[in-house]
Amino acid sequence: MNLVYVEDLTQAKAGEILGIAQKNVSEAVDRAIEAIAEVYFYWAGHGEGYSTTITKEEAE
């Protein structure tokens, strides 16, 4: 994710640097985003200073 979001490279260029296909970069980014969302949903559900207007199931 660092290459795509911090270094501002395309997924294709990040894949080239890492020696993997753009599709694999895209899948890794999607998994990372999902993992980050899980943390925020957890925090929101446990009074950790975040709230949501929809449930995780509604978001899917």
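Smallest separation of non-hydrogen atoms from Ala12 and Gln22: N-CG, 3.7 Å. Residue Met1 comes nearest to Ala32 through the heavy atom pair SD-CB, 2.9 Å, listed as atom of the first residue, atom of the second, then distance.
Using a 4.5 Å cut-off on side-chain heavy atoms (C-beta onward), Ile36 and Phe41 make no contact.
In this view, Tyr42 and His46 satisfy the ring pair (Phe, Tyr, Trp, His ring centres under 6.0 Å) rule, not counting sequence neighbours. In this view, Lys23 and Glu27 satisfy the side-chain contact (heavy atoms from CB on, under 4.5 Å) rule, not counting sequence neighbours. Glu7 meets the salt bridge (charged side-chain N to carboxylate O under 4.0 Å, His left out) test with no other residue; sequence neighbours excluded.
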Exercise. Dump the intermediate steps for side-chain contact (heavy atoms from CB on, under 4.5 Å) on Leu18 and Asn24, then the final yes or no.
Key: CA-CA 10 Å; Leu18 296 170; Asn24 298 106; over 6 Å; no

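Remark: Lys13 engages Glu16 in a salt bridge, criterion side-chain N to carboxylate O under 4.0 Å.
For the pairing with Leu9, the side chain to side chain contact (heavy atoms under 4.5 Å, CB included) check across Asn2, Ile17, Val4, Val25 returns one residue only, Ile17.
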